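Convention: sequence-line order gives letters A, B, ...; per-chain numbering from 1. Reckoned from all heavy atoms, side chains included, excluding hydrogens, waters and symmetry mates. All of these numbers come straight from a predicted model, not from anything done at the bench.
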Number of protein chains: 2
Amino acid sequence: MVRPTMEDVALRAGVSRALVSLVMRGSPKVSDLRRTAVLKAAEELGYSPHAMARSLASRTSTVLGVMVSDLHNAFFAEVVDGIDEVAREQGFDIIINTGGRSPARERRALQSLLSFRPAGLVLLSPVVPATAIGKAAEQLPVVLVARSSRVSTVDTVNDDGETGARLAVEHLVSLGHKRIAHLDGGEGTQASPRRRGYVAAMEAHGLVPQVVSSEYTDAAGARAIRSLIADDALPTAILSCNDFNAVGAISALEDAGLRVPSDVSVVGYDNTSLAALRHVSLTTIDQPRAEFGRLAADALLQRVREERTEPVRHLLNPSLVVRSTTAPPGGPR
Amino acid sequence: MVRPTMEDVALRAGVSRALVSLVMRGSPKVSDLRRTAVLKAAEELGYSPHAMARSLASRTSTVLGVMVSDLHNAFFAEVVDGIDEVAREQGFDIIINTGGRSPARERRALQSLLSFRPAGLVLLSPVVPATAIGKAAEQLPVVLVARSSRVSTVDTVNDDGETGARLAVEHLVSLGHKRIAHLDGGEGTQASPRRRGYVAAMEAHGLVPQVVSSEYTDAAGARAIRSLIADDALPTAILSCNDFNAVGAISALEDAGLRVPSDVSVVGYDNTSLAALRHVSLTTIDQPRAEFGRLAADALLQRVREERTEPVRHLLNPSLVVRSTTAPPGGPR
DNA sequence: TCTATTGGTTGGAGCGCTCTAATGCTGTAG
DNA sequence: CTACAGCATTAGAGCGCTCCAACCAATAGA
C-alpha cells in the first residue's frame, strides 16, 4: 500500500530527482538516453506522479471542480459530458461533487471542492445564496450554468427560456390552437423566463394567457389538470414547465377520459430522455445541454489562462422537438 | 485570487503556525482564548485549509473517490447519496468522477482519481477489466458496487438478481399466469443472475421458460415484443430485464392494439423514477440503492481504518413493487 | 525549597513535488 | 589556449501543511 516516489525512480534510474521531474512533464531538454532509463525505472516501480504534491509545488492546478446541484437529474449528466470533453482536450481533469439541492449540503460541497484548490469551478444550477458564490469567485474563476448572476467576475451559461416558451406557443398556434394554458414552474429555476415568454407570445398573437400555478413534478402536473377540469377551464393545449409536469398532465387527462393529442395537445420542456421514450413521445423544447457544458468549460479555461477578465453571458437558443403529443384542436384529420 | 495560508492566520492571531493547525483540526488541547483568536483571524481572512497540503503532510487522506460508470443513470445517484451520507458522518469527503461507460475513459477517470491519493475507492458498476481493478486494489482499499469480483482484496455490494427475478415470477404465477417470457439483458451487468433466477423459478413451478434476447433499452424492449408477435409466440406476461425495456415493451404492445395489463402483464426491474410516474405506473423490482451506498462506504471505511482485511460480499435482497401493469390473465375482474 | 507533572504552545523537519540558479561539459570562435 | 556559448543535468529552496520533540509556565507533591 505504499507508493513509490520520484526519489525512488531517480535512484533506480541513476539520475537526480529533478531529471525525473522533467521527464514526467515531457520536457524536451532531456537526452533520449536518460529519458528511456527514467521511463523504464518508473514502469518497473509502478510509479505515477502525485497530483497533489505536484500542484502544491507548482502552485497551479490542472483540475476543474464541478458542483452538480442534483445528481438525480439527467439534465446535468449531459452538461458534465460537455465540460469533461473540453477539459480533457485541454489537459484538465474534473472532479465532481453534489449538493443534493440543499443549500447547507451545497455549501459543504463547495468548501470541499475549494479545499482541493482547483483551477476553476463550474456550478450547475446552484441553490446557495449569491454571496457564497461571490466569495468563491474572489478566490478562483467561477462559471454558473442554468443560473444567472450579476456578479461581474462570474461567467454564466443559460438557455433562453423566453424563446423556448415562444417556440412552443407558436407551434401550438400554427396548429390552430387559441386556448393555450401554461402550467407554471413556481419558484423553480428558469420558471420565470419561461412564463414571461409564454405570456409575451400569447399576447403577440392576440390570445389571452392562462397561467396555472404548478411545479416541476409529475404529481403537480396532474393536480393542475384536475383543477382545470374541475373549474371547467380546460383549454385545447397545455404548455408545461418541464417534461415531468407534462407527463403528469397527460396522465391526468387520460384518467379523465380525454385523449392526447386528439382532445388536448401537450408540450413539455427540457427534452429529457423521458420525453424520447416511445411510450411518452412528448413534443418538447430541447436545450443544447452538452453545448452548455462545452461553453462553460471554455469560458472557465479562458479565465484560468487569464485570457479574459470581463464576464461573458451565454444565452443559448432552445429548439422545438415535435413528437406525438401535439395536433390540431379537434384531433388530427 | 491569492488565498491566505496558515502562516497568515497565525500572524494575524499572534500565535504560531502549529497552533493554528491544532485549532483547524479541532484539537482539545488549545485554550479557549487562543482558539477564538485563531478562528476570528481565519474568518476575517477567509481562510480555509488546503486539503492537498494537509494530506501530503499527514500522509493520510479524508477523501473517498467514487467512480460512476454512467452519470446519466439515476440508479447511481441514489447509491452516491448513500455513500455521501456515511462518508460525511465519519468525516470524509467524496469526489466523484465519471467513466462514461467506455473502458478507456474509465481508465483515465480511475487514474485521475488515484492521483489525488484518496483513502479509498468506490467503483459503481465499472466496465474496466478486472486486472485494472486489481492493480488499483494493491494501492488502496476498493469496493465494487453492482459488479462482482473474485479479487480477494476487493469488497463487493450487489443485489441478488436471482431472488429479484424469482419474486417477479412468483407474483405473476400467483396471479394465474403460466406463459411468462423473459426479455433478457444480454451482456449487460446483472443480466445473467436475473435470467438464471427467472429460469429456476419457472422450472420450480413446472413452467416452461421462454427467454427472448433483448437489451437494457426501450427500443430493444419494443423490438422483442414485435418479434414475439410476428412469431405468434406472445405469452400472457412479460418479465423485462429492466424498466426501460419494460416501457418499450408496453409501448409496442399498445401499438399492436393490446392492452396492459388486461391482455398482457408486464414487470420491470430496478424501480427507477420512471416506473413510479403515474403515466407509467410499472410493477417492478426495487433494489435498495441508498443501502448499497451506505454498505459500500461502511465496508470501505472499515478497510481504511484497518479494522478488517478479509473481503466482504454483500448480497442485498430486492423487493417487489406492485403497480398497475400486472393483473390476472384475461384481465382484472 | 526543589523536583515532577500537566496542559498549552512552538520550532523545525519533512511530505512529494516544481522551479530557479548554478554546475559541468562539450564544441566553437577569437 | 582562453573565452564563451549552449546544452543537459542537478542541488536546494520552498509550496502549505502535520507531527514530533522540546519548551515553558503554573501547579502539585515531597
Spacing of B/Arg3 atom CZ relative to D/dC17 atom C1', expressed in whole Å: 14 Å
Pair B/Gln302-B/Asp155, side-chain hydrogen bond (donor to acceptor under 3.5 Å, both in side chains): steps then yes or no: CA-CA 11 Å; B/Gln302 283 170 14; B/Asp155 299 326; over 6 Å; no
Separation between CZ of A/Phe292 and NE2 of A/His314, rounded to the nearest 0.5 Å: 11.0 Å
Heavy-atom pair of closest approach, residues A/Ala299 and A/Val312: CB-CG1, 4.1 Å
Residue-level proximity of residues 20-37 of chain A to DNA chain C when a heavy atom falls under 4.0 Å: A/Ser21, A/Arg25
B/Arg88 atom CZ: more than 12 heavy-atom contacts under 6.0 Å: yes
Value rounded to 0.5 Å, distance of OG1 in A/Thr98 from CD1 in B/Ile95: 14.5 Å
Criterion salt bridge (Lys or Arg N to Asp or Glu O under 4.0 Å) against A/Arg12, the qualifying member of A/Glu44, A/Glu7, A/Glu43: A/Glu44
Sub-4.0 Å heavy-atom contacts from residues 51-62 of chain A onto DNA chain D, ordered by number: A/Leu56, A/Ala57, A/Arg59
Interface residues of residues 111-121 of chain B with DNA chain C (non-hydrogen, below 4.0 angstrom): none
B/Asp270/B/Arg289 ion pair, N-O < 4.0 Å: no
Rounded distance (Å) that lies between atom P of C/dT18 and atom NE2 of A/His50: 11 Å
Salt-bridge present (B/Lys135, B/Glu138; N to O < 4.0 Å): no
Quick one: which protein N/O atoms are closer than 3.5 Å to N/O atoms of nucleotides 21-26 of chain C? Pair and distance per line, please.
none

Flag for B/Thr153-B/Arg303: side-chain donor and acceptor within less than 3.5 Å: no
Summary of ring pair (Phe, Tyr, Trp, His ring centres under 6.0 Å) pairs that have at least one residue in residues 33-69 of chain B, sequence neighbours excluded: none
Pair A/Arg108-A/Ser112, side-chain donor/acceptor within less than 3.5 Å: no
B/Arg3 versus B/Ser48, side-chain donor and acceptor atoms under 3.5 Å: yes
B/Val145, B/Val122, B/Leu124 screened by side-chain contact (heavy atoms from CB on, under 4.5 Å) with B/Val80, the one that passes: B/Leu124
B/Glu306 atom CD: more than 12 heavy-atom contacts under 6.0 Å: no
Polar pair under 3.5 Å, donor/acceptor by atom type, side chain B/Arg17, base C/dT9: no
Positions of residues 5-12 of chain B (non-hydrogen atom under 4.0 Å from DNA chain D), listed by number: B/Thr5, B/Met6
Lys/Arg-Asp/Glu bridge criterion (N-O < 4.0 Å) met for A/Arg105, B/Asp84: yes
